[in-house]
Amino acid sequence: MRPPPHLLEVDDLSPAELAEVLDLSDDPSPPQALNGKGMALLFEKPSARTRHSMEMAVVQLGGHPVSVAAAEVGIDERESAEDVARTLACFHAAIGARVKSHSLLERMATVSSVPVVNMLSDQAHPLQALADLLTVKQEFGEISGCRIAFVGDANNVSRSLAIGAGLAGAQFVISGPPGYQFDRDDLDRIAATGIAAEVVDDPIEAVAGAHVVYTDVWVSMGEEAQASEKVDAFASRYSVNEALIGQADADAIFLHCLPANPGQEASEEVLYGPQSRIWQQAENRMHAARGLLAWLLGVT
Ligand code: CP
Ligand code: NVA
């Protein structure tokens, strides 16, 4: 039997498949792809947007979401991650997991007979990138040719966005302090999409001419021990304020995956100002999740 498709990183989709997922995300009458079937949603880390957008996407596809804190399941304690995946596949048409270590997702996907979806790992946040690209498409009509400037950490969110941007034909530039930039493997993986990422130290150079200015927290979940070191490295040069976004294209929009620390990686004026599309972007998490699930289940 052919293995099911999974989404552990955006480049699990080809450029054509990504375009198809984004088209499905905008479909006002989604197919009832789940039709009474379940989806298991496992969380090793907290979530607001991901849990609610996934649950509602499953409902809109005619399915039933079952969200569980991973601690209740006891992954690799009560039983192995592999046996958890095999067990959940007995009851559910798909499995979503938010994990501390990306390798846990890979282990589950290796044995799962149903699609496994990355709901955020230390490495990647592909569902966020899908919603981000959907927001760019809604704003500018097409993604191809847009210039996306990410000011901040080379983390799960910027990595998935850079890969997704490349697949969709957009330019991606990232600006952060030395030591917190993409490594060679990241840059090679992004370049494999056909569009290499630009890396610059200077945030003003990064946002010049950008259509999208994006940032995320400087300290991600699980990095609490490095918090003061990271805040010192980023502050205040890499904070997106009105002066910085003023250097971007006049019609530029501001995006943030949320949750945010107002006054740190972005000022309140930018987060809640006229260029911000953060709530449209948050709502798009649900539409993008629905489009992705409809696609994954449609090809299963
Ligand atoms: N952006 C995002 O993934 O939000 P949550 O952590 O609240 O799910
Ligand atoms: N980079 C952040 C994203 C949260 C949605 C984190 O991993 O905590």
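For reference, positions follow the sequence shown, starting with 1. Whatever order the structure lists them in is the order used to number ligands and atoms, beginning at 1.
The shortest N/O to N/O separation between Cys257 and ligand 1 falls below 3.5 Å. Inclusion of His125 in the set of residues having an N or O under 3.5 Å from an N or O of ligand 2 is not warranted. Inclusion of Ser220 in the set of residues having an N or O under 3.5 Å from an N or O of ligand 2 is warranted. In terms of N/O distances under 3.5 Å, ligand 2 is approached by Met221.
Counting heavy-atom neighbours within 6.0 Å of Lys45 NZ, excluding the residue itself, gives a total above 12.
Residue contacts with ligand 2 include Leu258, since one or more of its heavy atoms lies under 4.0 Å from the ligand. At a 4.0 Å cut-off, at least one heavy atom of Leu258 sits close enough to ligand 1 to count as contact. Not a single heavy atom of His52 lies less than 4.0 angstrom from ligand 1. Look at Arg98 and you'll find a heavy atom under 4.0 Å from some atom of ligand 1.
Remark: Asn261 CG to Leu271 CG distance equals 9.5 Å, nearest 0.5 Å. Here the straight-line distance linking atom CD of Glu283 with atom CD1 of Ile278 works out to 13.5 Å at 0.5 Å rounding.
By the 4.5 Å heavy-atom criterion applied to side chains, Ile174 and Val200 are not counted as neighbours.
For the pair Glu44 and Lys100, the salt-bridge criterion is not met [side-chain N within less than 4.0 Å of a carboxylate O]. Between Asp76 and Arg107 there is a salt bridge, since a side-chain N of the basic residue sits under 4.0 Å from a carboxylate O of the acidic one. Here Arg277 pairs with Glu139 in a salt bridge; the nearest charged N to carboxylate O distance falls below 4.0 Å.
Ring geometry for Phe172 against Phe182 counts as tilted: the plane angle lies between 30° and 60°, on a 0 to 90° scale. Note: Tyr180 and Phe234 have tilted aromatic rings, judged against thresholds of 30 and 60 degrees for the angle between ring planes.
Under 4.0 angstrom from ligand 1, there are no non-hydrogen atoms of Arg51. The part of Asn156 lying near ligand 2 is the side chain, judged by heavy-atom distances below 4.0 Å. Heavy atoms of His125 found under 4.0 angstrom from ligand 1 belong exclusively to the side chain.
Of all the atoms in ligand 1, the ones that sit under 4.0 Å from a non-hydrogen atom of Ala48 are 5 (P), 7 (O), 8 (O). Atom numbering of ligand 1 starts at 1 in the shown order; those under 4.0 Å from a heavy atom of Arg285 are 1 (N), 2 (C), 3 (O). Near Asn155, the atoms of ligand 2 lying under 4.0 angstrom from a non-hydrogen atom of the residue are 1 (N).
Nearest protein heavy-atom neighbour of atom 4 (O) of ligand 1: Arg49 NE, 2.8 Å. When hydrogens are left out, the protein atom nearest atom 4 (C) of ligand 2 is Leu120 CD1, 3.9 Å; that is the closest non-hydrogen contact.
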Quick one: do Arg189 and Asp186 satisfy salt bridge (Lys or Arg N to Asp or Glu O under 4.0 Å)? Show the steps, please. CA-CA 5 Å; Arg189 189 162 180 177; Asp186 293 327; over 6 Å; no
